[in-house]
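Data block below; observations after.
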Amino acid sequence: MDCATPWTPRTADVNTDKKLLDVQNLSVHFQTPEGELQAVRDVSFSLRAGETLGVVGESGSGKSQTMLAMMGLLANNARADGQVLFRGDNILNVPTAQLNRVRGQKMAMIFQDPMTSLNPFLTVERQMTEVLQIHQNASRGQARTAAVQMLEKLRIADPLRCLQSYPHQFSGGMRQRIMIAMALLSQPDVLIADEPTTALDVTVQAQIVALLRQLQQDHGTSIIMVTHDLGLVAGLSDQVMVMYGGRVMEHAQADDIFYNTRHPYTRALLESVPRLEHADDALVAIPGMPPSLRNMPGGCPFAPRCAKADNACQHPAPLQVVALSAADHVCACHHTEGQA
Ligand SMILES: Nc1ncnc2c1ncn2[C@@H]1O[C@H](COP(=O)(O)OP(=O)(O)O)[C@@H](O)[C@H]1O
Ligand SMILES: [Mg+2]
């Protein structure tokens with residue numbers, strides 16, 4: 001039964017002057033049988049409305065734990081310190097009931113495996129419409145119409161049939177689209193996409209990235225795109241933050257990350273990205289493996305794998321502005337490249 005009052009979806013705040021999200025010195029520790037381990041160390045960044053931040057680093061760099069801490073979704077043995085300001089209010093470590101008002105409505109997160117978010121036993125319709133009915137007082141009919149429109153935006157053929165189906169009836173790429181549609185339905189101001197295309201083939205990856213870009217243009221949604229693939233964020237991000245061993249190694253406007261690279265780790269990641277136009281070039285895999293939390297080097301975490309490492313690298317390098325002309329370009333390296 002439709003209610004008489006018209007229901008209108010919320011729109012994202014596109015006041016670009018203000019910081020939507022401001023993360024300050026976020027750290028994550030885990031209590032383990034071997035003692036306390038630090039997975040994220042003093043991560044700071046901010047995001048304006050409509051902006052896209054790419055968060056890049058190899059597996060184990062602390063990307064997901066950073067995002068989960070912001071969403072209040074860390075494991076029970078974890079502790080988060082620092083500040084996560086959403087429109088000026090600290091949402092880190094606030095009680096779950098209070099956080100639920102932000103989470104899901106203003107900040108949504110999608111994962112590599114859509115089945116983490118999709119319930120196999122419920123129809124797509126139930127899952128998509130519930131959030132609007134419960135959190136936004138939409139009637140069943142209004143929620144259904146909004147779901148159909150969102151599925152159409154994600155170019156899902158026959159949205160009505162899709163709504164009646166169960167998640168297992170779809171391919172991986174389709175499930176990922178349904179999850180994105182579900183996350184976007186409540187018109188979040190920030191969408192955190194954690195390796196959303198890692199399990200998909202390259203063609204479907206490109207389609208999903210194009211859809212995210214389109215949706216961002218239509219709704220002004222801010223996106224945090226988390227991936228191990230620097231190539232994936234190239235065409236999508238305004239700023240890029242490179243993480244390794246739980247720390248920020250380099251952070252700058254995307255162009256500066258790609259064309260004015262300062263950290264040897266960022267350079268190594270760039271050299272390991274396959275490029276279509278250089279299909280014959282040998283890819284340079286980064287030698288060695290990322291460190292485990294138990295064996296984190298005392299100095300720069302990348303030093304054991306870095307060609308430039310010397311004695312200075314036995315001490316951690318502070319995150320510093322690389323040049324006066326680029327105050328928003330920071331790098332944590334004793335041998336910052338291209339420094340005058
Ligand atoms: N519940 C936990 N207890 C202990 N360590 C954990 C736990 N969850 C994750 N970790 C560790 O935190 C580190 C960072 O993980 P993660 O943020 O998932 O990396 P990324 O997303 O960059 O691949 C990893 O070394 C991982 O093993
Ligand atoms: Mg991860």
Side-chain angles (χ1 to χ4, degrees), residues 1-3 7 9-10 64 67-68 71-73 75 96 99-188 190-216 218-219 221 223-227 232:
M1 191 179 68
D2 280 340
C3 8
W7 174 82
R10 328 177 27 254
S64 293
M67 301 304 136
L68 292 170
M71 294 292 290
L73 293 173
T96 316
L99 186 64
N100 278 342
R101 285 206 292 272
V102 174
R103 202 163 60 190
Q105 278 194 63
K106 300 192 167 119
M107 275 168 57
M109 185 158 170
I110 55 175
F111 301 90
Q112 176 176 342
D113 175 10
M115 292 315 276
T116 354
S117 313
L118 295 174
N119 184 330
F121 303 111
L122 299 179
T123 60
V124 170
E125 174 164 358
R126 246 320 267 292
Q127 305 187 50
M128 285 190 81
T129 55
E130 207 156 57
V131 57
L132 294 183
Q133 289 179 266
I134 295 172
H135 294 294
Q136 297 198 29
N137 296 323
S139 71
R140 196 171 160 203
Q142 289 166 332
R144 195 158 196 264
T145 307
V148 167
Q149 283 169 351
M150 192 51 82
L151 290 172
E152 277 169 353
K153 267 203 179 132
L154 282 146
R155 312 227 174 86
I156 289 172
D158 205 348
L160 285 172
R161 210 169 113 208
C162 170
L163 285 182
Q164 282 150 26
S165 311
Y166 290 87
H168 72 262
Q169 293 173 272
F170 298 97
S171 66
M174 281 292 280
R175 278 206 285 260
Q176 197 59 285
R177 281 176 198 220
I178 292 168
M179 185 171 67
I180 295 171
M182 207 162 100
L184 290 170
L185 210 50
S186 54
Q187 305 252 1
V190 182
L191 178 71
I192 301 176
D194 190 357
E195 310 257 5
T197 65
T198 300
L200 307 173
D201 70 54
V202 179
T203 321
V204 184
Q205 259 183 29
Q207 286 167 358
I208 300 267
V209 169
L211 283 168
L212 286 173
R213 199 186 290 138
Q214 185 61 48
L215 290 160
Q216 177 168 53
D218 294 350
H219 299 284
T221 316
I223 296 178
I224 302 182
M225 176 66 125
V226 179
T227 171
L232 193 75

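As a basis for the values below, the full set of heavy atoms in this structure was taken, side chains included, without hydrogen atoms, waters or symmetry mates.
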Supply the atom-to-atom distance [X] [atom1] to [Y] [atom2], rounded to the nearest 0.5 angstrom.
X	Y	atom1	atom2	value
Ile192	Met71	CD1	CE	5.5 Å
Leu184	Leu211	CG	CG	10.0 Å
Leu160	Arg144	CG	CZ	6.0 Å
Gln133	Met128	CD	CE	12.5 Å
Asp194	Met225	CG	CE	10.5 Å
Met174	Ile156	CE	CD1	4.5 Å

Quick check: do [X] and [Y] have side-chain heavy atoms less than 4.5 Å from each other?
X	Y	answer
Lys153	His219	yes
Leu212	Gln216	no
Arg177	Ile208	yes
Cys162	Phe170	yes
Gln169	Val124	no

What is the minimum heavy-atom distance between [X] and [Y], and which atoms define it?
X	Y	answer
Ala183	Ile110	CB-CG2, 3.6 Å
Val209	Leu232	CG2-CD1, 3.7 Å
Pro188	Thr221	O-CG2, 3.4 Å
Tyr166	Phe121	CE2-O, 3.3 Å
Met182	Ser117	CE-O, 3.8 Å
Met115	Pro120	CE-CB, 3.9 Å

Residues which pass side-chain contact (heavy atoms from CB on, under 4.5 Å) with Gln112, listed by chain and number, not counting sequence neighbours: Glu195, Thr198, Ala199
Passing option when Gln127 is tested against Leu185, Ile178, Leu122 for side-chain contact (heavy atoms from CB on, under 4.5 Å):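 Testing each of Leu185, Ile178, Leu122 against Gln127, the sole residue satisfying side-chain contact (heavy atoms from CB on, under 4.5 Å) is Leu122.
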Qualifying residues under side chain to side chain donor-acceptor pair (under 3.5 Å), relative to Arg175, sequence neighbours excluded: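 If we apply the side chain to side chain donor-acceptor pair (under 3.5 Å) test to Arg175, skipping adjacent residues, there are no hits.
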